[in-house]
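Naming: A, B, ... by sequence-line order, numbering from 1 per chain.
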2 protein chains.
Amino acid sequence: MSKPLIFILDDEPEIRSLLSDVLQEAGYDTQSFGRAASFEIALAQRTPDVCLVDLSLPDTDGLTLVHRLALEKGAVVIIISGRAQVQDRVTGLELGADDYIIKPFDPAEVVARIRARLRGARPAIQSGMTARFNGWTAHFDRYMLEDESGAQTPFSHAESEVLRLFLEAPKRLISRAQMQESLGATASESFDRAMDVRISRLRTKLREDPKNPQLIKTIYGAGYIFLGDVSWG
Amino acid sequence: MSKPLIFILDDEPEIRSLLSDVLQEAGYDTQSFGRAASFEIALAQRTPDVCLVDLSLPDTDGLTLVHRLALEKGAVVIIISGRAQVQDRVTGLELGADDYIIKPFDPAEVVARIRARLRGARPAIQSGMTARFNGWTAHFDRYMLEDESGAQTPFSHAESEVLRLFLEAPKRLISRAQMQESLGATASESFDRAMDVRISRLRTKLREDPKNPQLIKTIYGAGYIFLGDVSWG
DNA sequence: TCTCAAATCTAACGAATTGTAACACCTGCA
DNA sequence: TGCAGGTGTTACAATTCGTTAGATTTGAGA
């Protein structure tokens with residue numbers, strides 16, 4: 001469970017294997033399905049980080065599937081479809097898809113779009129290199145964490161990457177896959193552990209109670225949520 | 001909260017006014033710029049939620065601009081470009097753009113894609129989401145259950161799912177099927193048992209008398225009913 | 001009422017996930 | 001060269017949560 005997992009649902013075998021090859025090349029784990037039935041069975045067991053879905057399926061209405069996926073699972077959903085009409089794209093996106101790619105597609109673009117999605121659309125943050133949250137002030141330009149009392153603690157670059165990710169998306173679930181993507185992960189097999197360690201070190205500097213962290217919450221099997229009230233500037 | 005703010009940067013006046021009209025129609029505030037210089041000045045003052053950027057600008061290298069925007073501001077960046085080569089799209093996305101739309105574009109699709117991007121920014125946890133019932137206070141933002149006396153008991157994510165389900169539908173029968181549906185719908189054969197266990201653990205934390213539960217009632221053969229007097233806030 | 005099968009409860013186990021201390025390997029610098 | 005701090009890796013501890021299995025409860029029918 002270290003690389004982001006991508007489910008591919010398409011009835012054309014050539015497309016499946018093409019996508020599968022390209023994505024594995026790009027450092028993702030993939031699992032392919034030819035029909036919605038088997039796709040859903042697999043979904044019940046694991047939640048992928050991204051779903052690539054073809055709409056023209058023999059055994060289900062693709063749009064309904066996309067809607068459910070986006071709503072219930074929270075996975076990133078990308079539609080890959082031969083239907084090129086603007087109306088198709090609009091309804092697909094309205095129903096919850098995060099992107100819509102038209103066949104024939106270029107594999108490189110698919111990879112690029114997946115990366116962009118995993119990186120995550122960040123909410124707009126104020127310009128400036130400092131953020132305030134729950135009594136702390138993080139100075140990213142100086143790599144300094146400031147106490148309510150003004151006491152300073154330095155933090156390293158690796159720690160700043162994690163902290164920035166949290167502060168840019170407070171109160172949102174951040175999956176490990178997203179972190180890996182955002183932190184320029186080298187897709188190393190054991191990067192999961194490295195991330196744990198980064199977070200652990202960050203927690204120490206934020207003086208979190210190990211038994212009961214207030215700011216960085218772990219969601220078992222899903223990721224982390226940063227619970228601070230953040231303001232940039 | 002006011003309307004999301006969108007900055008439009010394009011050197012063609014017709015495109016600017018077209019986008020501007022459509023987006024205002026769709027409920028956004030917009031601000032248009034014909035050249036990068038004025039765009040950057042405005043950026044220094046306000047941070048938009050979304051930037052629509054044309055890459056073929058007279059006075060700046062668009063890609064550099066996008067890179068800076070994405071990196072420093074964290075705004076959602078959507079490139080609108082006449083350059084249709086796959087390579088252009090890939091590098092644009094790699095540099096931090098969140099989407100890449102090719103000219104000529106359909107206004108409806110632009111709106112749909114903006115919506116899709118902004119949708120992802122919703123918080124997973126509302127700040128201060130708490131519910132009171134029968135002397136207890138459930139803090140879903142902190143995963144904490146609070147006693148009348150103020151004593152705190154943490155609860156896990158899995159437990160929070162069940163508890164939230166109950167608190168959102170108090171005094172109503174909740175069938176096991178409904179639960180399964182709401183709790184990730186892993187139609188696993190033995191998921192029934194897993195749910196029992198979750199409820200059992202929840203009961204323990206709520207200090208229910210096993211012989212005579214006051215809050216979570218089992219309806220043999222039908223489901224459960226939560227009997228608390230719930231008030232959210 | 002009594003009996004029994006189905007439904008439910010829960011203690012205990014174990015697989016998967018996460019936390020973190022300790023170590024190793026860098027890099028930059030005096 | 002030696003030192004200091006940063007960072008990934010390893011190894012092991014702790015936690016979460018589904019599963020199992022046996023006990024207990026329920027309600028329909030005898």
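Straight-line distance from the CD1 atom of A:Ile216 to the C1' atom of C:dT20: 14 Å, rounded to whole Å. For the pair B:Arg198 CZ and C:dT8 C1', the computed distance is 17 Å after rounding to whole Å. If you take NZ of A:Lys217 and C1' of D:dT15, they are 12 Å apart, rounded to a whole angstrom. Distance A:Gln180 CD to C:dT17 P: 14 Å, rounded to the nearest Å. Atom CG of B:Asp209 is separated from atom P of C:dC9 by 14 Å (rounded to the nearest Å). Atom CG of B:Asp192 and atom P of C:dT10 are 16 Å apart (whole Å).
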Inset, instruction - Indicate for each nucleotide in nucleotides 22-30 of chain C, in 5' to 3' sequence, whether protein heavy atoms under 4.0 Å reach the base (B), only the sugar-phosphate (S), or nothing (-). - result: B--------

Legend entry - Summary of protein contacts for nucleotides 25-30 of chain D, nucleotide by nucleotide, where a base hit scores B, a sugar-phosphate-only hit scores S (4.0 Å, heavy atoms): SBS---

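Between B:Gly228 and B:Pro170, the shortest heavy-atom distance links the atoms O-CB, 4.0 Å.
Under a 4.0 Å N-O distance rule, the pair A:Asp99/A:Arg113 qualifies as a salt bridge.
Contact check, A:Ser156 against D:dG6: no side-chain N or O comes under 4.0 Å of OP1 or OP2.
Sorted by first and then second residue, the salt bridge (Lys or Arg N to Asp or Glu O under 4.0 Å) pairs involving residues 223-233 of chain B (not counting sequence neighbours) are B:Lys171-B:Asp229.
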